[in-house]
S.K.: 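Dropping the structure in here first, questions after.
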Amino acid sequence: MSKGKITPKNILHQHKKKNNPITLDNLLEKASSNNVADAMKNLYGKPGLIKDIKPINPSYKVVGRVRTVKTNSNDWGTGIKAIYASEPGEILLIDCSDCENAIWGELASQAAKEYGISATIINGASRDTGETLKTGFKLFSKDTMSNAGHPLNEGTINERLVIDDNVIINGDIVVADRDGVIIIPQENVDEVIKEVNNIKKFESDCVKQIIEQNAQLDKLVNIN
């Protein structure tokens, strides 16, 4: 059989793949944080965005359940303790008081990677960017800087966080990529994923009409 030959089996496989819906497991393969933000806005009137946080490598993207951490920028010890207070596969979401000092770097990234943490997202600053990139650990932060504080361990783990009008607890879902960090309350996941599917279908239909029918985008999205 020649490579790429069309058979009934191939046609069936292609059909199933084409109609495979977006789920939490394949979300960032088929959609983006932008789609999730739009879904959140459509459903609840706000996008669930934590502002200004970006990955240290633009290719990094992650989705998963969060473990909440709160600390002061002078205290990087709490983040280290949080690694071992988490379950493998979770994402550390660290709310820092400010960006005056970095609270995460190469050693923390290596330790978190070895323990099985999927990523760390910091509403604050990180450092050791070059070294952390070499580890391959997915790190997101609001800023980077050389200076760090002390291993005080005076913060809290598993605390309810409020960041940019988002109330966040352990088990909520975070969707993060180069465009932004979005929080989905765990009780809303199914509804949001359903709306993401609707949004992606609409976008796909728009692209098809623009290319094949020379349709005008302002008409497709009802701009008067």
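All figures in this text were calculated on a predicted structure; none of them were measured in a lab.
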S.K.: Considering all heavy atoms of both residues, which atom of Thr129 and which atom of Thr144 are nearest to each other, and what is their separation?
M.R.: OG1-CG2, 3.7 Å
S.K.: State plainly whether one hydrophobic cluster holds both Leu161 and Ile184, where clusters connect Ile, Leu, Val, Met, Phe, Trp and Tyr through side-chain heavy atoms under 4.5 angstrom apart.
M.R.: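 No, because Leu161 and Ile184 fall into different hydrophobic clusters, even though each may have its own neighbours under 4.5 Å.
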S.K.: Could you check Ile169 against Gln186 for side-chain contact (heavy atoms from CB on, under 4.5 Å), going step by step and ending with a plain yes or no?
M.R.: CA-CA 9 Å; Ile169 61 173; Gln186 53 195 299; 3.5 Å; yes
S.K.: State plainly whether one hydrophobic cluster holds both Ile103 and Ile91, where clusters connect Ile, Leu, Val, Met, Phe, Trp and Tyr through side-chain heavy atoms under 4.5 angstrom apart.
M.R.: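 Hydrophobic grouping puts Ile103 with Ile91.
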S.K.: For residues Asn20 and Lys30, determine if any side-chain heavy atom of one lies less than 4.5 Å from a side-chain heavy atom of the other.
M.R.: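 Sidechains of Lys30 and Asn20: in contact.
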S.K.: In Å and rounded to the nearest 0.5 Å, what is the OH to CD1 distance from Tyr60 to Ile121?
M.R.: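 Here the rounded value is 13.5 Å.
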S.K.: Run the numbers on Lys51 and Asp164 for salt bridge (charged side-chain N to carboxylate O under 4.0 Å, His left out), then give the verdict.
M.R.: CA-CA 7 Å; Lys51 298 176 183 177; Asp164 294 332; 5.2 Å; no
S.K.: Under 4.5 Å between side-chain heavy atoms, hopping through other hydrophobics if needed: is there a path connecting Ile199 to Ile193?
M.R.: no
S.K.: Would you say the side chains of Thr120 and Trp104 form a donor-acceptor pair under 3.5 Å?
M.R.: no
S.K.: According to a 4.5 Å side-chain heavy-atom criterion applied to Ile, Leu, Val, Met, Phe, Trp and Tyr, with indirect links allowed, do Val174 and Ile182 form part of one hydrophobic cluster?
M.R.: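 They do not share one cluster, since no chain of ILVMFWY contacts under 4.5 Å joins Val174 to Ile182.
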S.K.: Which of parallel (below 30°), tilted (30 to 60°) and perpendicular (above 60°) describes Tyr84 and Tyr115?
M.R.: perpendicular
S.K.: May I ask you to test the Thr78-Thr156 pair for a side-chain heavy-atom distance under 4.5 Å?
M.R.: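 Contact flag for Thr78/Thr156 side chains = no.
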S.K.: To the nearest 0.5 angstrom, please state how far the NZ atom of Lys194 sits from the CG atom of Leu43.
M.R.: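 If I round to the nearest 0.5 Å, the distance is 10.0 Å.
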S.K.: Give me the atom names and distance for the closest heavy-atom approach of Glu100 to Met145.
M.R.: O-SD, 3.3 Å
S.K.: Is Asp205 reaching over with its side chain to a backbone N or O of Phe202, donor-acceptor style, under 3.5 angstrom?
M.R.: no
S.K.: Report yes if the side chains of Ile168 and Arg160 come closer than 4.5 Å at any heavy-atom pair, otherwise no.
M.R.: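 Not in contact.
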S.K.: Give a yes-or-no answer on whether the side chains of Asp177 and Ser33 include a donor-acceptor pair shorter than 3.5 Å.
M.R.: yes
S.K.: Does a sphere of radius 6.0 Å around CG in Asn214 hold more than 12 heavy atoms from other residues, nucleotides or ligands, not counting ones at 6.0 Å or beyond?
M.R.: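 Check fails, neighbour count at 12 or below.
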S.K.: Test your reading of the model: is there a side-chain donor-acceptor pair from Ser118 to the backbone of Gly89, 3.5 Å cut-off?
M.R.: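 Yes, because the side chain of Ser118 sits within donor-acceptor range (under 3.5 Å) of the backbone of Gly89.
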S.K.: Can you tell me how far apart CG (Leu152) and NZ (Lys81) are? Round to the nearest 0.5 Å.
M.R.: 13.5 Å
S.K.: Should Pro185 and Met40 count as side-chain neighbours, where that means a heavy-atom distance under 4.5 Å?
M.R.: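 Yes. Closest side-chain heavy atoms under 4.5 Å.
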S.K.: Decide yes or no on salt bridge (charged side-chain N to carboxylate O under 4.0 Å, His left out) for Arg67 and Glu90, but give the supporting numbers first.
M.R.: CA-CA 6 Å; Arg67 175 73 60 166; Glu90 290 184 330; 2.9 Å; yes
S.K.: What are the two closest heavy atoms between Asp75 and Gly155, and how far apart are they?
M.R.: OD2-N, 3.3 Å
S.K.: Asp128: which residues meet the side chain to side chain contact (heavy atoms under 4.5 Å, CB included) condition with it, sequence neighbours left out?
M.R.: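 Side chain to side chain contact (heavy atoms under 4.5 Å, CB included) check on Asp128 returns Glu106, Glu131, Thr132.
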S.K.: Show the nearest heavy-atom pair for residues Gly79 and Ile94, with the distance to one decimal.
M.R.: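 So the minimum-distance heavy-atom pair works out to CA-CD1, 4.2 Å.
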S.K.: Show your reasoning for whether side-chain contact (heavy atoms from CB on, under 4.5 Å) applies to Asn72 and Glu154.
M.R.: CA-CA 8 Å; Asn72 186 283; Glu154 294 176 348; over 6 Å; no
S.K.: Any link between Val192 and Val189 through a network of hydrophobic side chains (Ile, Leu, Val, Met, Phe, Trp, Tyr) touching at under 4.5 Å?
M.R.: yes
S.K.: Could you tell me the separation between the OG atom of Ser141 and the CD1 atom of Ile53, rounded to the nearest 0.5 Å?
M.R.: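 Here the interatomic distance stands at 8.0 Å.
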S.K.: Do Asn197 and Lys201 touch side chain to side chain, with heavy atoms closer than 4.5 Å?
M.R.: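 Counting from C-beta outward, Asn197 and Lys201 never come under 4.5 Å.
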S.K.: Just so I know, are the side chains of Ser86 and Ile117 near enough to count as touching, which here means a heavy-atom distance under 4.5 Å?
M.R.: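 Side-chain contact under 4.5 Å: yes.
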S.K.: Answer yes if the side chains of Asp25 and Thr23 hold a donor-acceptor pair under 3.5 Å, and no otherwise.
M.R.: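 On atom types as modelled, these side chains do not qualify, holding no pair under 3.5 Å.
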S.K.: Would you kindly say whether Asn123 and Lys142 are connected by a side-chain donor-acceptor distance under 3.5 Å?
M.R.: yes
S.K.: Do you know which two heavy atoms are closest between Leu139 and Ser109, and how far apart they sit?
M.R.: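 Leu139 and Ser109 have their closest heavy atoms at CD2-OG, 4.3 Å.
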S.K.: Using 0.5 Å steps for rounding, measure from the CD atom of Gln110 to the CD1 atom of Ile83.
M.R.: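 Here the interatomic distance stands at 10.5 Å.
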S.K.: Give the minimum heavy-atom separation between Asn101 and Ala125, together with the two atoms involved.
M.R.: O-CB, 3.8 Å
S.K.: With rounding to the nearest 0.5 Å, note down the distance linking CG in Asp143 to SG in Cys96.
M.R.: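 It is 11.0 Å, given to the nearest 0.5 Å.
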S.K.: Using the rule side-chain contact (heavy atoms from CB on, under 4.5 Å), only one of Ile163, Leu93, Val36, Ile173 pairs with Ile183; which is it?
M.R.: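 Of the listed residues Ile163, Leu93, Val36, Ile173, the side-chain contact (heavy atoms from CB on, under 4.5 Å) partner of Ile183 is Leu93.
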S.K.: Please check: side-chain N/O of Lys61 versus main-chain N/O of Leu28, any donor-acceptor pairing under 3.5 Å?
M.R.: yes
S.K.: Does a side-chain heavy-atom distance below 4.5 Å link Lys200 with Asn35?
M.R.: yes
S.K.: Applying ring-ring contact (aromatic ring centres under 6.0 Å, His included), can you list everything that pairs with Tyr44, at least two apart in sequence or on another chain?
M.R.: none
S.K.: Answer yes or no: is there a donor N or O on one side and an acceptor on the other, between the side chain of Asn166 and the main chain of Leu49, under 3.5 Å?
M.R.: yes
S.K.: Picking from Val69, Val66, Thr68, what satisfies side-chain contact (heavy atoms from CB on, under 4.5 Å) with Leu92?
M.R.: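 For Leu92, the side-chain contact (heavy atoms from CB on, under 4.5 Å) check succeeds only for Val69.
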S.K.: Side chains of Asp165 and Lys46: closer than 4.5 Å at any heavy-atom pair?
M.R.: yes
S.K.: Crowded around Asp218 CG? As in, over 12 foreign heavy atoms under 6.0 Å?
M.R.: yes
S.K.: If you apply the rule side-chain contact (heavy atoms from CB on, under 4.5 Å), what do you find for Leu24 with Val63, and how did you get there?
M.R.: CA-CA 8 Å; Leu24 200 58; Val63 57; 4.0 Å; yes
S.K.: One pair to check against side-chain contact (heavy atoms from CB on, under 4.5 Å): Arg65 and Asp172. What are the steps and the verdict?
M.R.: CA-CA 6 Å; Arg65 297 193 180 277; Asp172 285 346; over 6 Å; no
